[in-house]
*Asks:* 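Got a structure for you, written out below as structure tokens; questions coming shortly.
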Amino acid sequence: MFNFWGSKEQQQGQSHLSSETSPQPWYSPSLVTGPSSSRLQTSGQIPSHVSPGETAGIVAILKDKSVDELKNLLSDKNAYQQFLYSLDQVAIQNNIREELRKETLHLARENLEKEPEIVELRNQCRIIRTSELATAQEKLNELENQREEILKFYSPGSLLHRLQDAMNKVDEESEELQHKFMEKDIDTAVFVQKYKKLRSKYHQRALTHLAAKTSSSFG
């Protein structure tokens, strides 16, 4: 029987020859599979989110190219890169990236220029901590000591103690005045006037001492 399509061996040989002579694409086959195969993609160069308007613009550019030019884009990586960088979207992104790089370098230079000022401010802060802060701490300690002395001076126990000393002093003055009267060193009228005044002061302080002591005991 005649074999119009050739023998099986001839078909396999032609298939093998065709696979050896056809150019191999540089891209991964997964790039042209699926519903998003119409988008040109390359790692780190085209954003993952492309607007419909941008996609339509890229498709319109590709429509103007011949079949040979499209095959060349798929088989020649350099040609693909050249086409990619000619797109307005990629050019805009490259410009933005370059502006960000320049701005970052500008900020870095400004920070370096301000380094001496920062060092000076740190030194001033260190001086303030070691000198002015120490002086302020010393003044604070002094005020704290004064406060403790005042509280101690006006404490109930201290007041009672000083009131008792005042009573004892008046009592001693009364005894001395009485001793002078017994020795005839003072006139009777003067003695009576002074003695009465001293004893009145003594009893007044004694009553105050008793009231304060009683109040402290019940408080």
Side-chain angles (χ1 to χ4, degrees), residues 43-51 89-219:
S43 177
Q45 294 170 344
I46 287 185
S48 58
H49 301 286
V50 182
S51 66
Q89 295 85 348
V90 177
I92 292 173
Q93 288 191 13
N94 288 338
N95 291 335
I96 294 175
R97 183 170 62 249
E98 181 64 18
E99 290 177 2
L100 291 175
R101 186 186 68 83
K102 291 180 179 179
E103 182 66 20
T104 302
L105 290 176
H106 176 69
L107 293 175
R109 292 191 186 96
E110 285 187 348
N111 290 337
L112 291 176
E113 291 174 358
K114 292 179 180 179
E115 183 67 21
E117 183 180 353
I118 295 174
V119 173
E120 178 63 23
L121 290 175
R122 287 176 179 172
N123 292 334
Q124 292 180 7
C125 292
R126 189 178 299 108
I127 293 173
I128 291 174
R129 286 197 299 268
T130 55
S131 60
E132 296 183 9
L133 181 60
T135 303
Q137 185 66 41
E138 183 179 356
K139 182 65 176 179
L140 178 61
N141 293 336
E142 181 181 351
L143 292 175
E144 287 288 342
N145 293 334
Q146 292 179 3
R147 173 177 172 274
E148 292 296 329
E149 291 295 331
I150 292 172
L151 291 176
K152 185 184 298 183
F153 183 80
Y154 288 103
S155 64
S158 178
L159 291 175
L160 287 174
H161 181 73
R162 291 201 305 276
L163 192 57
Q164 183 65 51
D165 291 342
M167 289 170 54
N168 296 336
K169 183 178 180 180
V170 172
D171 197 30
E172 290 175 0
E173 290 178 358
S174 299
E175 291 182 358
E176 291 178 0
L177 185 62
Q178 187 177 5
H179 179 72
K180 288 181 179 181
F181 178 72
M182 297 297 295
E183 295 293 332
K184 307 294 184 180
D185 293 336
I186 189 173
D187 185 67
T188 302
V190 176
F191 166 75
V192 172
Q193 183 181 2
K194 289 186 175 182
Y195 190 79
K196 182 179 179 181
K197 185 177 180 179
L198 288 173
R199 298 316 297 174
S200 176
K201 184 184 294 186
Y202 173 83
H203 290 295
Q204 182 181 3
R205 291 178 177 176
L207 290 174
T208 303
H209 182 273
L210 180 62
K213 189 174 183 180
T214 304
S215 176
S216 177
S217 298
F218 284 100

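What you see is a predicted model, and the numbers here were worked out from it, not measured in a lab. FYI, the numbering just counts along the sequence from 1.
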*Asks:* State, with a plain yes or no, whether a side-chain heavy atom of Leu151 is found less than 4.5 Å away from one of Arg147.
*Replies:* yes
*Asks:* Between atom CD of Gln164 and atom NE2 of His209, what is the distance when rounded to the nearest 0.5 Å?
*Replies:* 4.5 Å
*Asks:* Taking atom CD of Glu138 as the centre, does the number of heavy atoms from other residues, nucleotides or ligands within less than 6.0 Å exceed 12?
*Replies:* no
*Asks:* For Glu98, check side chain to side chain contact (heavy atoms under 4.5 Å, CB included) against everything at least two apart and list the hits.
*Replies:* Arg101, Lys102
*Asks:* Taking Ser155's backbone N and O only, do any of them form a donor-acceptor pair with Ser158's side chain (distance below 3.5 Å, no angle check)?
*Replies:* no
*Asks:* Partners of Ser200 by side chain to side chain donor-acceptor pair (under 3.5 Å), sequence neighbours excluded?
*Replies:* none
*Asks:* Do Ile96 and Ile92 have side chains that approach each other closer than 4.5 Å (heavy atoms only, starting at C-beta)?
*Replies:* yes
*Asks:* For residues Leu160 and Lys213, report the shortest heavy-atom separation together with the two atoms involved.
*Replies:* CD2-N, 3.7 Å
*Asks:* Which distance, rounded to the nearest 0.5 Å, do you find between the CG of Asn95 and the CG of Leu100?
*Replies:* 11.0 Å
*Asks:* Suppose the criterion is salt bridge (charged side-chain N to carboxylate O under 4.0 Å, His left out): which pairs have a residue in residues 105-116, not counting sequence neighbours?
*Replies:* none
*Asks:* Evaluate whether atom CD of Gln193 has more than 12 neighbouring non-hydrogen atoms of other residues, nucleotides or ligands under 6.0 angstrom away.
*Replies:* no
*Asks:* With sequence neighbours left out, write down each residue that passes side chain to side chain contact (heavy atoms under 4.5 Å, CB included) with Arg199, or none if nothing qualifies.
*Replies:* Asp171, Ser174, Tyr195, Tyr202, His203
*Asks:* Considering non-hydrogen atoms only, spot the tightest contact between Leu198 and Val170 and give its length.
*Replies:* O-CG1, 3.0 Å
*Asks:* Write out all pairs satisfying ring pair (Phe, Tyr, Trp, His ring centres under 6.0 Å) with one or both partners inside residues 130-166, taking only residues at least two apart or from two chains.
*Replies:* none
*Asks:* Who are the side chain to side chain contact (heavy atoms under 4.5 Å, CB included) partners of Val192, not counting sequence neighbours?
*Replies:* Thr188
*Asks:* Kindly compute the distance separating CG (Asn145) from CD (Glu142), expressed to the nearest 0.5 Å.
*Replies:* 8.0 Å
*Asks:* Taking side chain to side chain donor-acceptor pair (under 3.5 Å) as the cut-off, I'd like each qualifying pair that reaches into residues 178-187, sequence neighbours left out, listed once.
*Replies:* none
*Asks:* What distance separates Lys194 NZ from Glu173 CD, expressed to the nearest 0.5 Å?
*Replies:* 10.5 Å
*Asks:* Tell me every residue that passes side chain to side chain contact (heavy atoms under 4.5 Å, CB included) with Gln137, counting only those two or more places apart in sequence or in another chain.
*Replies:* Leu140, Asn141
*Asks:* Taking side chain to side chain donor-acceptor pair (under 3.5 Å) as the definition, give me every residue that meets it alongside Arg126, ordered by chain and number, with sequence neighbours left out.
*Replies:* Asn123
*Asks:* Give, for atom CD1 of Ile127 and atom CZ of Arg122, the distance between the pair rounded to the nearest 0.5 Å.
*Replies:* 14.5 Å
*Asks:* Does either side chain, that of Glu172 or that of Asn168, offer a donor lying less than 3.5 Å from an acceptor on the other one?
*Replies:* no
